[in-house]
Amino acid sequence: MPRRHIFTAVAWPYANGPRHIGHIAGFGVPSDVFARYQRMAGERVLMVSGTDEHGTPIQVQADSEGITAAELADRYNRVIVRDLHDLGMSYDLFTRTTTRNHYAIVQEMFTALWDNGYIVERPQRSAISPSTGRTLPDRYLEGTCPICGYDGARGDQCDHCGNQLDPQDLIDPRSKINGERPTFVESSQMFLELPAFAEVLGSWLQSQTDWRPNVVNFSRRLLDDLKPRAITRDLDWGVPVPLPGWRDRPDKRIYVWFDAVIGYLSASVEWARRTGDPDAWRPWWTEGADARYFMGKDNVVFHTIIWPAILLGASGRPAGTPGAMGVLRLPSEVVSSEFLTMEGRKFSSSRAVVIYVRDVLDRYGADPLRYYLAVAGPETSDTDFTWEQFVTRNNGELVAGWGNLVHRSLSLVAKHLGAVPAAGELTEADHDILSQGSRAFASVGQALGRSQLRAGVTEAMRVVAAANKYLSDQEPWKRVGSEPDRFATIMHCALQLVADCNRLLAPVLPATADKVAAMLGGHGPFAGQPRVDEVEDLDGGRPYPVITGDYDGVAAWRSEPVVPGTPVAPPTPLFSKLDASVVDEELARLASS
RNA sequence: GCCGGCGUAGCUCAGUGGUCAGAGCAGGGGACUCAUAAUCCCUGGGUCGCGGGUUCGAUCCCCGCCGCCGGUACCA
């Protein structure tokens, strides 16, 4: 079977701070498990992302710290790169939106849309901060609600009475940033003509029968009321507008969301250029490829409406001619996760309801976190994270389930045999357990290929449990001296199951998988691990770190026979049992931070 | 307000128009000792939110209600 091209597009984390585990649960673990599975299954995967660094929030935060937006973005780009690398995210390229390559591609796409008539200039009335001259987004506006009189109404909506508001109607409007009264100024902005794509988007969405229902339903409703959307702002931090009279203006920039989604394309191009073949990205952007996009549900509108509209318009659809990037394929699936809540509350950095990825990695390691988020993450509905469940899953499933299977099997072999034994005659029980291992590749693979992590991991862990039961039933430790042949056969089967389960779990537990593979006597790459490279900007900009990796030669998604005679050393524990006091410690951290 | 989702054993969740509604964990009992007191077996426990309706029959379909949550795109 020919290898398919599978584009794995991972939502771009915003570089205004460290990421918390809710972010990772939404875009991180699901995308990486999917990509790793597809690579093991033999497909050609291109997985890209980067930090999203433009926009008002970064500008505002930089101002408050007395540094430039670029300096702030540099800082958090580095923090996020380190977090995602340590989490084991196997990007082919994790870059950023402040590269010259990205600027160029964004401008190409803008130009293509402009040439096809899908971008038009219109006056727009918007709130401007008098002290900076910058657009003040609705989220930074507050005032008294003209409908109910509530004083904390946001610019676009009153949290008290729930009515949608026009910012200009706010009584006594003020900036949340510095309290000043905004001025409402009419200025020219560029608008993306979303209504022109309504019909094409409608039939495209209609044809998606196997997406998660929440994504399709939500998107179809949006189509009913599409309006042109401003894609520029009065701001000096962002990609310049590539038009005469606009290009050199210091106060007009492309809106952050327009440029951020184009990152999927620019990162693909950057990856290709770095491989030495500037066109190498194209096979992942043609109709024959599979293009999966992973994100939290707050990003759905950008991936099912705005990004497809950009792709369509720049490709000359529904009318026009393809731009410089050619005809670009639409997402084949938009995979959205719901939200993770934290001990019953919504994540909120400002209210210290937050668990940072870095802290979990440092204290408990990447794989336990990946495992938890894969098996108990917000796959189909909002899901609560509790430390108690984290500890319970870690101890009961990783330590006592999978870790124990590996440890007891390898201990017995190392102690009494020193190498993988050959199997003698197989009993029915032997055949049965071996068959459970080999058959699981189909069922677990099907689940992971459809981004059903919970089902896939649960199925793999069922095999782990069956193997533990097999050992308990066969009681090999009673046959060491009395029935050496039977002992060898049982242990051969046990090691085969360890090897099989290790592959089944490798997409979720890549670091652990490498350890187990090594303990079974393997050499060379097994799961494949990312690395951080410091690179030069390809077009003369500043250097920056990227996450990349060579994932060729990862273990195959099938049962491979263990080889008799391979030396087996005594194992070291794979996971650490967590004391119940961890729960109290972490809760205390939350409460006091 | 509008749109959507959820409400199933103590906890976290799965599930189907029809034999006794399931899993894991927690609880109770037992076996074993290779293994990080890990593993394995047995077991108690549920008006499937409430009230109607459709149907021979609904936890799963429809309506209403209560509760919880999310979205409401110029917040990423």
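To find a chain, count down the sequence lines: A is the first, B the second, and so on, and within it residues start at 1.
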Using a heavy-atom cut-off of 4.0 Å across all strands, would you classify [X] as base, sugar-phosphate, or nothing?
X: L574(A); answer: base
X: L226(A); answer: base
X: Y255(A); answer: sugar-phosphate
X: R233(A); answer: sugar-phosphate
X: Q124(A); answer: base
X: T392(A); answer: sugar-phosphate
X: N404(A); answer: base
X: V480(A); answer: nothing
X: A230(A); answer: nothing
X: A465(A); answer: sugar-phosphate
X: T383(A); answer: sugar-phosphate
X: N16(A); answer: nothing
X: K469(A); answer: sugar-phosphate
X: P476(A); answer: nothing

Measure from the side chain of [X], starting at C-beta and using heavy atoms only, and say which of [options] lies closest.
X: N468(A); options: U39(B), A73(B), A38(B); result: U39(B)
X: H407(A); options: U39(B), A76(B), U36(B); result: U36(B)
X: E397(A); options: U36(B), G24(B), A76(B); result: G24(B)
X: F339(A); options: U36(B), G70(B), C34(B); result: G70(B)
X: Q389(A); options: U33(B), U12(B), A73(B); result: U12(B)
X: F302(A); options: A76(B), A35(B), G70(B); result: A76(B)

How far does the [atom1] atom of [N] sit from the matching atom of [M], given to the nearest Å?
N: G29(B); M: U47(B); atom1: P; value: 25 Å
N: G71(B); M: A76(B); atom1: C1'; value: 15 Å
N: G51(B); M: C60(B); atom1: P; value: 13 Å

Atom-to-atom span, [atom1] of [X] to [atom2] of [N] - whole angstrom:
X: Q59(A); N: A76(B); atom1: CD; atom2: C1'; answer: 15 Å
X: E379(A); N: G5(B); atom1: CD; atom2: P; answer: 18 Å
X: W477(A); N: A38(B); atom1: CH2; atom2: P; answer: 16 Å
X: R393(A); N: G24(B); atom1: CZ; atom2: C1'; answer: 7 Å

Stepwise ring pair (Phe, Tyr, Trp, His ring centres under 6.0 Å) test for H54(A) and Y14(A): CA-CA 8 Å; H54(A) 295 125; Y14(A) 198 57; 9.4 Å; no
Y371(A) and N394(A) side chains, donor-acceptor separation under 3.5 Å: no
Short side-chain N/O contact from W257(A) to OP1 or OP2 of C74(B), under 4.0 Å: no
Under-4.0 Å side-chain N/O to phosphate OP1/OP2 contact, Y14(A) with C75(B): no
Whether over 12 other heavy atoms sit under 6.0 Å from E186(A) CD: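 Result for CD/E186(A): enclosed.
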Parallel, tilted or perpendicular: rings of H416(A) and F487(A) (30°, 60°):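 Perpendicular, since the angle between the ring planes exceeds 60°.
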Side chains of L505(A) and W402(A) in contact at under 4.5 Å (non-hydrogen atoms): yes
Heavy-atom side-chain contact between V357(A) and P18(A) under 4.5 Å: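 Heavy-atom side-chain distance check fails, nothing below 4.5 Å.
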Pairing annotation in dot-bracket form, given for RNA chain B with Watson-Crick or G-U pairs under 3.5 Å and | for cross-strand partners: (((((((..((((....[...)))).(((((.......))))).....(((((..]....))))))))))))....
Carboxylate-amine/guanidinium contact R122(A) E193(A), below 4.0 Å: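 Salt bridge present between R122(A) and E193(A).
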Whether R479(A) side chain and Q474(A) backbone form a donor-acceptor pair below 3.5 Å: yes
For S337(A), side-chain hydrogen bond (donor to acceptor under 3.5 Å, both in side chains) partners two or more places apart: none
